[in-house]
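Worksheet: one structure, shown below.
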2 protein chains.
Amino acid sequence: MAEPRDNQQPDSVFTRPPRGRRAQPALSRERIVAGTIALLDRDGAPALTMRKVAAELGVHATSLYWYVDRREDLVDLALDAVLAEAAAGLPGPDEPWESAVKTTARRFYTALTDRAWAAEFAGVRPLLGPNALALSRRIIAALADSGGGDEDRAVAIRALANQILGAATTTVAMRAGAAAARGGTDDARAAAVSASDALAVENAYFDQVIDLLLAGIRARRAT
Amino acid sequence: MAEPRDNQQPDSVFTRPPRGRRAQPALSRERIVAGTIALLDRDGAPALTMRKVAAELGVHATSLYWYVDRREDLVDLALDAVLAEAAAGLPGPDEPWESAVKTTARRFYTALTDRAWAAEFAGVRPLLGPNALALSRRIIAALADSGGGDEDRAVAIRALANQILGAATTTVAMRAGAAAARGGTDDARAAAVSASDALAVENAYFDQVIDLLLAGIRARRAT
DNA sequence: ACCTGAACACCGTTCAAGT
DNA sequence: ACCTGAACACCGTTCAAGT
């Protein structure tokens with residue numbers, strides 16, 4: 001845990017701010033988001049407090065308010081940052097619509113379940129950041145090629161969004177429940193094996209659930 | 001806001017505790033749950049603090065710990081209490097499986113969205129109370145009649161659970177967003193009309209989304 | 001412009017003490 | 001058995017002040 005730094009550099013042209021303005025702000029939104037994610041990865045969702053994020057950055061809690069308005073902003077920024085990878089490698093526009101839906105949904109779900117805190121916060125904060133929007137839009141674009149009327153597509157979009165969010169939320173809840181039930185009573189090797197098995201099972205379930213929705217969409221289109 | 005009561009009744013046989021034991025405990029789990037729900041209905045999810053629940057009941061915050069272990073227990077108890085109505089009037093065993101799924105899912109969803117705090121907490125606490133289990137089991141029982149293999153049914157169960165939770169969560173989030181966007185700029189009559197319209201639209205969407213899943217289940221069974 | 005420091009009005013939870 | 005009261009170790013956020 002870093003102490004608020006005490007600025008004891010020797011006085012010289014190089015350290016002195018180059019006019020009225022400070023040379024480099026100690027903080028920035030990016031640094032704050034990075035610190036927030038580091039804290040969340042290490043200590044989990046309940047550890048997200050203004051004071052702890054500030055400590056992570058060697059700064060006072062009140063300094064954060066220069067860059068964000070409230071604690072919730074940190075949550076929203078961290079969540080969207082974590083969705084950046086998922087939004088980076090989206091299927092191209094020539095991808096058939098069904099596989100585009102599948103891989104985009106899976107990427108979204110994986111980003112949320114990779115870090116437990118992401119799924120926990122996603123259930124509590126609406127996902128409105130640019131990366132969340134990019135993911136949503138890719139799914140919407142794919143459904144545009146799915147046939148059916150506007151109404152059908154609007155329903156399908158909601159169904160997929162609900163499914164992704166619901167699946168991510170219940171997956172991390174079940175993991176937490178399983179971990180609590182296990183207690184401390186298992187050796188590391190067995191735990192690692194069963195964890196990777198469990199992950200494969202979870203992912204298979206997610207894919208099948210999405211397939212079920214796609215089957216429904218196809219069936220609807222046929223009638 | 002009730003003050004902790006100051007016990008100034010006249011001394012008599014009727015007021016005096018009838019031996020070592022107290023006549024009637026001032027508190028009980030039921031009273032605590034009722035107070036919690038009253039508070040949540042009035043002031044919303046962020047108002048749920050041990051101190052405020054205690055004030056609601058005219059008691060000190062620390063007294064609650066005789067009946068519950070932690071704040072989360074209040075959340076779990078309040079959530080399950082709110083699901084009691086929904087679990088009370090479930091479709092009978094002779095109901096055709098598709099309509100049993102539809103009405104049970106709808107009851108579950110409605111219970112969660114009727115009070116915003118219920119959906120908010122449902123996204124954050126696993127629903128493991130007796131009433132939540134009764135609702136889940138009714139859906140599971142219905143799916144037993146849906147045909148298909150065990151694996152298909154397990155997938156369908158997850159899909160429905162994810163859908164209910166996801167739909168409830170996003171519905172209340174959208175309502176909150178819409179309310180924030182409106183600000184204070186609308187008269188009460190117009191607001192009431194548009195709120196009831198919006199509710200009808202929401203419910204129609206939910207029903208259609210469930211229908212989409214059911215179409216998927218049917219299609220799967222056919223192949 | 002950017003950060004500190006003090007302060008306000010809260011939190012959940014523990015534990016010893018009363019009755 | 002059941003409730004109080006004091007206490008501990010926190011919270012988010014505001015605002016004036018420093019540089």
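Quick note on labels: first sequence line is chain A, next is B, and so on, each numbered from 1.
Ranked by how close their nearest DNA chain C nucleotide is to the 5' end, A:Thr62 and B:Ala61 are led by A:Thr62.
Straight-line distance from the CG atom of A:Asp73 to the P atom of D:dT13: 9 Å, rounded to whole Å. We find that CD of A:Glu72 is positioned 13 Å from C1' of D:dT13, with the value rounded to whole Å. Between the P atom of C:dA1 and the OH atom of A:Tyr67 lies a distance of 12 Å, rounded to the nearest Å. In this entry the distance linking CZ of A:Arg31 with P of C:dC3 reads 9 Å, nearest Å. If you measure from atom CH2 of B:Trp66 to atom P of C:dA17, you get 17 Å, rounded to the nearest angstrom.
Considering every non-hydrogen atom in both B:Ala132 and B:Phe108, the closest pair reads O-CE1, 4.3 Å. Taking each heavy atom of A:Ser28 and A:Tyr67 in turn, the nearest pair found is CA-CE2, 3.8 Å.
Considering only side-chain N and O atoms, A:Ser63 lies under 4.0 angstrom from the phosphate OP1 or OP2 of C:dT4.
Considering only the side chain of A:Ala26, C:dC3 comes nearest among C:dC3, C:dT4, D:dG5.
Nucleotides D:dA9 and C:dA9 place their P atoms 23 Å apart, quoted to the nearest Å. One C1' atom belongs to D:dC10, the other to C:dC8, and the distance between them is 15 Å to the nearest Å.
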What's touching nucleotides 10-12 of chain C from the protein side, N or O pairs under 3.5 Å?
from, atom 1, to, atom 2, distance (Å)
C:dC11, OP1, B:Lys52, NZ, 3.3
C:dC11, N4, B:Arg51, NH2, 3.4
C:dG12, OP1, B:Met50, N, 3.2
C:dG12, OP2, B:Met50, N, 3.0
C:dG12, N7, B:Arg51, NH2, 2.6
C:dG12, O6, B:Arg51, NH2, 2.6

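With a cut-off of 3.5 Å on both pairing distances, the Watson-Crick and G-U wobble pairs of DNA chain C assemble into stems of 3 or more at C:4-8 with D:12-16, C:12-16 with D:4-8.
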